[in-house]
Amino acid sequence: MSKRRDLLYEGKAKKVYAAEDPALCVVEYKDDATALDGAKKGSIPGKGAINNRLTNHFMTLLEKSGVATHYAQELNDRETLVKKVEIVPLEVIARNIAAGSLAKRLGLTEGFQMSRPVLEFCYKSDALGDPMVNEYHIAAMGWASPEEVSFIARSALRINEILTGYLKGFGVELVDFKLEFGRLPGGSLLLADEISPDTCRFWDSKTGEKLDKDRFRRDMGGVEGAYQEIYRRIFERVEG
Ligand code: ADP
Ligand code: UDP
């Protein structure tokens with residue numbers, strides 16, 4: 001793993017490199033942060049390492065509950081070996097409590113507890129601002145088959161159940177989050193990308209304090225501290 005690797009892709013929060021094994025790739029988590037479709041840019045010191053370790057921790061937990069993920073091996077603080085997949089061009093959003101764009105769109109107060117989880121699909125396109133789409137768009141454009149969409153929806157709801165219960169044990173409410181899925185060469189689907197304070201809304205169960213990227217998006221201050229707090233709660237207990 002020490003030899004120079006070819007950069008396959010540089011995104012807003014991560015870099016993806018080729019690995020020695022062509023079935024794998026190396027993901028490097030950056031401290032860079034963007035919001036408002038890339039219009040707002042900044043850096044959150046320590047974020048890359050926190051997101052790397054939290055993602056790997058959540059993916060390992062999900063694997064233990066039977067959810068197939070891309071996770072292969074943590075290489076160091078910021079880098080992880082993952083199974084290389086063809087990403088399904090959808091952002092799959094699961095929501096328990098109304099916040100962000102849902103609250104705005106439906107005129108709901110942030111914090112409204114919905115009677116059941118809500119799933120949304122967005123077409124993954126920075127240029128278009130990730131527009132929301134439904135099953136009909138997805139099938140008509142050939143982004144995923146109806147069978148794949150139903151697998152993705154069932155997986156997202158199961159992941160929501162597992163993570164919601166797990167986080168409650170740490171005094172954290174899982175408000176909403178974004179997932180990405182990918183296909184292995186044989187066509188089977190895996191959970192890919194990341195699960196971190198960049199891609200989830202985490203609220204303190206007692207105080208409602210935001211422990212996620214909304215502090216950056218909304219210029220609330222205490223951004224680094226929020227990432228550190230989520231990390232501390234989970235890893236202090238896990239590592240004793
Ligand atoms: P963005 O592309 O939105 O700026 P990132 O900075 O997080 O996002 O870049 C990481 C890229 O790697 C994303 O496009 C994501 O879809 C992709 N990706 C995540 N997991 C895998 C994987 N296992 N195989 C291939 N690509 C992946
Ligand atoms: N999200 C994400 N990437 C995106 C858009 C959303 O990770 O490109 C996550 C976001 O962190 C939140 C959830 O998906 O946990 C729902 O986001 P929302 O649609 O409310 O969008 P926002 O308010 O961030 O514009």
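We count ligands from 1, going down the list as the structure has it; atoms in each ligand are counted the same way.
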The protein heavy atom nearest to atom 6 (C) of ligand 2 is I93 CD1, 4.4 Å

Ion pair present between R218 and E110, side-chain N to carboxylate O less than 4.0 angstrom?
yes

Establish, from distance only, whether the side-chain atoms of E63 and Y71 form a donor-acceptor pair under 3.5 Å.
no

Taking non-hydrogen atoms only, is A35 closer than 4.0 angstrom to ligand 2 via side chain, backbone, both or neither?
neither

Non-hydrogen atoms of K104 versus ligand 2: any pair closer than 4.0 Å?
no

Does V175 approach ligand 2 within less than 4.0 angstrom via side chain, backbone, both or neither, non-hydrogen atoms only?
neither

Report all N/O contacts between ligand 1 and the protein shorter than 3.5 Å as a table of atom names and distances to 0.1 Å; if there are none, say 'none'.
{"residue": "ligand 1", "atom": "2 (O)", "partner": "Y9", "partner atom": "OH", "Å": "2.5"}
{"residue": "ligand 1", "atom": "3 (O)", "partner": "K12", "partner atom": "NZ", "Å": "2.9"}
{"residue": "ligand 1", "atom": "4 (O)", "partner": "K12", "partner atom": "N", "Å": "2.7"}
{"residue": "ligand 1", "atom": "4 (O)", "partner": "K12", "partner atom": "NZ", "Å": "3.0"}
{"residue": "ligand 1", "atom": "6 (O)", "partner": "K12", "partner atom": "N", "Å": "2.8"}
{"residue": "ligand 1", "atom": "6 (O)", "partner": "A13", "partner atom": "N", "Å": "2.6"}
{"residue": "ligand 1", "atom": "6 (O)", "partner": "K14", "partner atom": "N", "Å": "2.8"}
{"residue": "ligand 1", "atom": "7 (O)", "partner": "K14", "partner atom": "NZ", "Å": "2.5"}
{"residue": "ligand 1", "atom": "16 (O)", "partner": "E180", "partner atom": "OE1", "Å": "2.6"}
{"residue": "ligand 1", "atom": "20 (N)", "partner": "D193", "partner atom": "N", "Å": "3.2"}
{"residue": "ligand 1", "atom": "23 (N)", "partner": "H70", "partner atom": "ND1", "Å": "2.8"}
{"residue": "ligand 1", "atom": "23 (N)", "partner": "K83", "partner atom": "O", "Å": "2.8"}
{"residue": "ligand 1", "atom": "24 (N)", "partner": "V85", "partner atom": "N", "Å": "3.1"}

Donor-acceptor pair between N51 and T55 side chains, under 3.5 angstrom
no

Does E91 approach ligand 2 within less than 4.0 angstrom via side chain, backbone, both or neither, non-hydrogen atoms only?
side chain

Protein heavy atom at shortest distance from atom 25 (O) of ligand 2
S101 CB, 4.5 Å

Between E173 and S205, do the side chains contain a donor N or O and an acceptor N or O under 3.5 Å apart?
yes

When you measure from atom 2 (C) of ligand 2 to each heavy atom in E194, K178, K12, which option holds the nearest one?
K178

All heavy atoms of P197 vs all of I230, minimum pair found to be CG-CG2, 4.4 Å

Going by the 4.0 angstrom heavy-atom rule, the piece of E120 near ligand 2 is neither

Is a side-chain donor-acceptor pair under 3.5 Å present for D32 with S43?
no

Residue pair D130 / E91, side-chain heavy-atom distance below 4.5 Å:
yes

Which of the numbered atoms in ligand 2 are below 4.0 angstrom from a heavy atom of D198?
7 (O), 11 (O)

Identity and distance of the protein heavy atom lying nearest atom 10 (C) of ligand 2
R217 NH2, 3.5 Å

Taking the side chain as everything from C-beta on, heavy atoms only, tell me whether D193 gets closer than 4.5 Å to K178.
yes

Check the side chains of N160 and N96 for a donor-acceptor pair under 3.5 angstrom, ignoring hydrogens and angles.
yes

Tell me which protein heavy atom sits closest to atom 22 (P) of ligand 2, plus the residue, atom name and distance to 0.1 Å.
R201 NH2, 3.6 Å

Element-labelled atoms of ligand 2 that are located less than 4.0 Å from some non-hydrogen atom of C200:
11 (O), 15 (O)

Are W203 and I195 joined in one hydrophobic group, where the rule is that I, L, V, M, F, W and Y side chains link up if heavy atoms are under 4.5 Å apart?
no

May I ask you to decide if the ring planes of F202 and F58 are parallel, tilted or perpendicular, using 30° and 60° as cut-offs?
tilted

Near D130, which atoms of ligand 2 are under 4.0 Å from a heavy atom of that residue?
8 (O)

Can D212 and R201 be counted as an ion pair, charged N to O under 4.0 angstrom?
no

Has R53 got its NZ or CZ under 6.0 Å from the middle of the six-membered ring of Y231, at an angle within 45 degrees of the ring axis?
no

Please identify which atoms of ligand 2 are closer than 4.0 Å to at least one heavy atom of G100.
20 (O), 23 (O)

When only distance counts, is D176 in polar contact with ligand 2, meaning an N/O pair under 3.5 Å?
yes

